[in-house]
Amino acid sequence: MKYVFNEERNEKMRHILMMQPTEEEALRLVEKDETDAEAWYAYATALGLNNKIPESIEAYSHGIACNPFYAPNYFGRSRKHNTQGNYWAAMADLTMSLRLDESNWIYWYYRATTQNLAGHLEESIDDFRMCLKYSAPHEHYPLVDWIYNTYAELGQYDEAEKALDLVPDDLEAPQMDWGYVRSVQLCKGIVSPEEYIDIPLMEKSVLPVKNRVQLELNGMYFTLYNYWMVHGDPDKAADAIRELQKIPYPGAFGYTKSIPIAKKLGIIK
């Protein structure tokens, strides 16, 4: 596969993803220039961090009105639509982001996850594979984890195992992908199920931001569920979903995906 990526742009997107401004800081940017789409992105992000979802969506929309060609505001708004289960609205925004910046792998990634959450599994795999094309190899752990889980959900266990070959065993990755790396290592047999969940190690290893361990655990337990399904042990798979429900993280992909499974298993109502 020929990789097409721009590391400078990737660094900027990582900055956008990890941005954590306070409302006061971001509001000062807006007040400085109310036509600045990037300032509205910062303000909308700050509102979202304080769980002010409708206000956050409105702020992203204000930024779009100021500059409809600034793709991050469509991207940011899509993530808030996702938290409310408004997947079609999210997909519309992400498709617009891609029209403005077609080779941006982050936009492909979030459209893939949105399609996955909406039940369009095969289409999501196609978008994840586009991510592989447009991203650097060290960014591939999340993509491989999602492709593995999606094939497992489809019952295509052989394809799930094949997907693990898309990333080499010893490839380093950004710190923000720590949980994805751990999940892929589990599925490859590099990390055993017994040592997979290691809270002290996680506390030392994940990004040092609020609730990061809980966020990572949601995704890791969801992969553990699919790992046991692929390996023919539905009881241990159910245990993984049971553990996941003890650390709910609303908006986390793993938690969102676990809810219908937990209901089907009778773990939650």
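Reckoned from all heavy atoms, side chains included, excluding hydrogens, waters and symmetry mates.
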Is the backbone of [Y] close enough, under 3.5 Å, to the side chain of [X] for a donor and an acceptor to pair up by distance?
X    : Y    : result
D198 : L201 : yes
Y43  : R28  : no
Q175 : S205 : yes

Should the pair W146 and Y109 be assigned to parallel (<30°), tilted (30 to 60°) or perpendicular (>60°) ring geometry?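 Answer is perpendicular, since the angle exceeds 60°.
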
Take the angle between the ring planes of Y107 and F75 and call it parallel below 30°, perpendicular above 60°, tilted in between.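 The rings of Y107 and F75 sit tilted, inter-plane angle from 30° to 60°.
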
Any side-chain donor paired with an acceptor under 3.5 Å for [X] and [Y]?
X    : Y    : value
D93  : S78  : no
E153 : N226 : no
N104 : S97  : no
S183 : Y196 : yes

Would W88 end up clustered with I53 when hydrophobic side chains under 4.5 Å apart are linked, directly or stepwise?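 Each belongs to a different hydrophobic cluster.
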
Please find out if less than 6.0 Å separates the ring center of Y41 from that of Y60.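 Yes, close enough.
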
Would you please test D36 and V30 for side-chain contact (heavy atoms from CB on, under 4.5 Å) and show each step? CA-CA 7 Å; D36 184 350; V30 170; over 6 Å; no

